[in-house]
Amino acid sequence: MKLKHKTSLTFYPTPPFHFDATLHKPSHFPSSDNAWKKGKYCITMRWQNQKLGLKLENKGTTIKPKVLITIYSKEKLTKDFILTLKPELEWRFNLKTELADFFNQFKNDRVLKSIFKKWKGSRPVSANSLYETLVIYVVLQNATVRRSVQMLENLFKKYGSKLEFDRQKLSCFWTPQELDKVPERDLRRLKVGYRAKFLKRISKQFAKGEINEFAMRKMTNQQIENEVLKLYGIGPASVEYLLFEDFYRYDAFSTIPPWDQKILSRLLFNKKLVPVSKILKYAKHWGKYKKLAVHYLWEDLFWQRKNKKIEWLEKEIRL
DNA sequence: CATCAGGGCCCTG
DNA sequence: CAGGGCCCTGAT
């Protein structure tokens, strides 16, 4: 499907804003619904039954941020449509968060100091909808990176669609309603294994409107947790990622899945394996920004990996 | 060829 | 609250 209509919106994120470190997370596995290069990020999106292509371009600096978002669509967009889309884009790309306090408070922090020099102004983004994010978490479970990528791409091929805009083709997610109707054995043919049941059940719960992502944004961490754990196939590890990555709860750092534990042990203590309790204790000095601080460390590590081989990390990343 | 663990989660006892 | 089973893959 070709998206020929263009609508442009200009945004002025709260400074400091680091365009590339915000929109590209090198620790995430690649997915054909988005593409990044320096100063430019594209992703597909669904909004009010329309499929859209988004292009974000960096038109400012970290101190004086300016982002141009071009929205590609099949039909010309109405004023009302754009009116509701605009705040959603601000939310999804976390353009309005206030982090000056965080940078100020930890400008001399042992580990953050040097990382701020490179990435100050980075922030989490939930560029996908809640449903889409949950699909990603399900294919992440108990699988190596290669297999996660394969599962998601199989799903895109069978149930998603391709959107053509800005001279590229990117995958667009299906709707929960569409996947709800699919027989479980069809899903299993896509080699998603026992996750087929999870995907079906989650899709059904969304299709029935049991989950209201917009209401959840206003809830407390605990309320969000209760809400999300109602979803079949979503457990503590997924919740931990979700609170930070999708709901921007910078303080939500209470459980550490085994893989994360290994990597944080190295990063913080230069040891192979440190007890979870010790890592959590150490993170306490970052106060209400403890998860955000960990995010900075984490992504910095994976940015480093782009340029040079990190021997111990390669061993932990199972392809 | 067989066996096993992997960015979990559910369910049972 | 500990532990087995679940799907599929690639490593050994």
Side-chain angles (χ1 to χ4, degrees), chain A residues 24-31 124 126 128 130-159 179 182-206 210-211 224-246 252-268 272-277 279-280 283 291 294-295 297-305 310-319:
Chain A
H24 180 62
K25 305 299 182 190
S27 80
H28 290 188
F29 73 79
S31 156
S126 57
N128 291 104
L130 177 58
Y131 172 74
E132 293 161 1
T133 305
L134 290 169
V135 170
I136 292 168
Y137 290 160
V138 167
V139 299
L140 265 177
Q141 291 168 12
N142 207 31
T144 53
V145 176
R146 191 199 309 261
R147 201 154 116 68
S148 296
V149 172
Q150 185 203 49
M151 287 189 273
L152 188 61
E153 295 307 321
N154 284 348
L155 287 161
F156 273 139
K157 215 179 274 173
K158 183 90 191 271
Y159 301 110
L179 211 67
V182 172
E184 190 180 316
R185 62 166 188 287
D186 286 14
L187 274 179
R188 280 183 180 262
R189 282 197 203 109
L190 304 180
K191 303 179 191 298
V192 299
Y194 62 85
R195 297 170 196 80
K197 196 162 123 194
F198 294 0
L199 291 170
K200 271 208 58 105
R201 294 267 293 258
I202 291 172
S203 296
K204 185 182 259 328
Q205 286 173 284
F206 270 83
E210 288 173 19
I211 302 291
I224 295 174
E225 207 173 316
N226 296 344
E227 201 63 17
V228 171
L229 287 173
K230 281 197 239 162
L231 291 162
Y232 190 85
I234 298 302
S238 302
V239 168
E240 181 74 14
Y241 295 137
L242 203 69
L243 281 170
F244 178 74
E245 304 229 357
D246 234 59
F253 188 55
S254 52
T255 55
I256 307 178
W259 193 70
D260 301 41
Q261 183 191 359
K262 288 183 205 164
I263 290 176
L264 290 176
S265 298
R266 295 275 192 168
L267 275 181
L268 298 174
K272 259 195 165 148
L273 202 64
V274 170
V276 167
S277 59
I279 298 173
L280 291 175
K291 181 67 184 225
V294 169
H295 176 72
L297 290 179
W298 191 271
E299 293 302 330
D300 175 58
L301 175 68
F302 283 86
W303 277 108
Q304 287 179 43
R305 179 173 174 258
I310 303 168
E311 216 43 66
W312 65 264
L313 183 59
E314 295 311 312
K315 278 179 198 145
E316 302 297 357
I317 299 174
R318 316 214 38 101
L319 297 174

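Throughout, protein chains are lettered first and strands after them, A, B, ... in sequence-line order, and every chain is numbered starting at 1.
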For DNA chain B, which residues in residues 133-142 of chain A have a heavy atom at a distance below 4.0 Å?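 Nucleic-acid contacts, sorted: L140(A), Q141(A), N142(A).
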Contact class for T255(A) (heavy atom, under 4.0 Å): base, sugar-phosphate, or nothing?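 Since no nucleic acid heavy atom lies under 4.0 Å of T255(A), the category is nothing.
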Checking I224(A) against V239(A) for the side-chain contact (heavy atoms from CB on, under 4.5 Å) test, could you report, in this order, the C-alpha distance in whole Å, the side-chain angles of both residues, the deciding distance, and whether it holds? CA-CA 9 Å; I224(A) 295 174; V239(A) 168; over 6 Å; no
P atom, dA5(B) versus dG4(C): distance in rounded Å?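 After rounding to an integer number of Å, I get 12 Å for this pair.
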Please report the distance separating the P of dT12(B) from the corresponding atom of dC7(C), rounded so that it comes out in whole Å.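 After rounding to an integer number of Å, I get 15 Å for this pair.
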Holding to side-chain hydrogen bond (donor to acceptor under 3.5 Å, both in side chains), I want the full list of residues that pass it with R201(A), two or more places apart in sequence or in another chain.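 By the side-chain hydrogen bond (donor to acceptor under 3.5 Å, both in side chains) rule, R201(A) matches no residue at all.
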Quick one: the dot-bracket string of DNA chain B, using Watson-Crick and G-U wobble pairs with both distances under 3.5 Å, [ ] for crossing pairs and | for bases paired to another strand. .|||||.||||||
Would you call the rings of H295(A) and F244(A) parallel, tilted or perpendicular, where under 30° means parallel and over 60° means perpendicular?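 Taking F244(A) first and then H295(A), their aromatic rings sit tilted (interplane angle of 30° to 60°).
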Interface polar pairs with nucleotides 10-13 of chain B, N/O, under 3.5 angstrom:
residue : atom : partner : partner atom : Å
dC10(B) : OP1  : G233(A) : N            : 2.8
dC10(B) : O3'  : Y232(A) : OH           : 3.2

Can you see which heavy atom on [X] is nearest to which on [Y], and at what distance?
X: N154(A); Y: L190(A); answer: ND2-O, 3.0 Å
X: A196(A); Y: R188(A); answer: CB-CG, 3.8 Å
X: A143(A); Y: M151(A); answer: CB-CE, 3.8 Å

Which atom pairs link the protein and nucleotides 8-12 of chain C when you take only N or O atoms and keep those under 3.5 Å?
residue : atom : partner : partner atom : Å
dC8(C)  : O2   : R147(A) : NE           : 3.1
dT9(C)  : OP1  : K191(A) : NZ           : 3.2

Nucleotide N/O to protein N/O under 3.5 Å, stretch nucleotides 2-4 of chain C:
none

Is any side-chain N of the basic residue among K204(A) and E210(A) closer than 4.0 Å to the acidic one's carboxylate O?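 Judged by the 4.0 Å cut-off on N to carboxylate O distance, K204(A) and E210(A) do not form a salt bridge.
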Sort out for me which residue in F253(A), Y241(A), W259(A) forms a ring-ring contact (aromatic ring centres under 6.0 Å, His included) with W298(A).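 The ring-ring contact (aromatic ring centres under 6.0 Å, His included) with W298(A) is passed solely by W259(A) among F253(A), Y241(A), W259(A).
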Whether S238(A) contacts dC9(B) is assessed here as follows: a side-chain N or O lying under 4.0 Å from the phosphate OP1 or OP2. Is that the case?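 Yes, S238(A) has a side-chain N/O under 4.0 Å of OP1/OP2 on dC9(B).
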Need the glycosidic conformation of dG4(C): syn if within 90° of 0, anti if not. Which one?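 Base orientation: anti.
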Note, N142(A) side chain near Y194(A) side chain (heavy atom, < 4.5 Å):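 Side-chain contact under 4.5 Å: yes.
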Check whether any side-chain heavy atom of L134(A) sits under 4.5 Å from a side-chain heavy atom of S238(A), and report yes or no.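 They are not in side-chain contact.
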As a quick check of understanding, evaluate side-chain contact (heavy atoms from CB on, under 4.5 Å) for F198(A) and I234(A), giving each step before the final call. CA-CA 8 Å; F198(A) 294 0; I234(A) 298 302; over 6 Å; no
Give the intermediate values and the outcome of side-chain contact (heavy atoms from CB on, under 4.5 Å) for residues K272(A) and R266(A). CA-CA 6 Å; K272(A) 259 195 165 148; R266(A) 295 275 192 168; 3.6 Å; yes
Round to a whole Å and report the spacing from NZ of K230(A) to P of dC9(B).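 So the NZ-P distance, K230(A) to dC9(B), works out to 18 Å.
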Rounded distance [0.5 Å steps], CD1 in I263(A) versus CG in L297(A):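 Spacing of CD1 (I263(A)) from CG (L297(A)) equals 12.0 Å.
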Inter-residue atom distance L155(A).CG - L179(A).CG, 0.5 Å rounding: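 These two atoms lie 7.0 Å from each other.
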Count the heavy atoms belonging to other residues, nucleotides or ligands that lie under 6.0 Å from NZ of K158(A), then report whether that count exceeds 12.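 Atom NZ in K158(A) is crowded, with more than 12 foreign heavy atoms closer than 6.0 Å.
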What verdict does the side-chain contact (heavy atoms from CB on, under 4.5 Å) test give for I279(A) and I256(A), after you've listed the backbone C-alpha separation in whole Å, the side-chain angles of each residue and the deciding distance to 0.1 Å? CA-CA 9 Å; I279(A) 298 173; I256(A) 307 178; 3.6 Å; yes
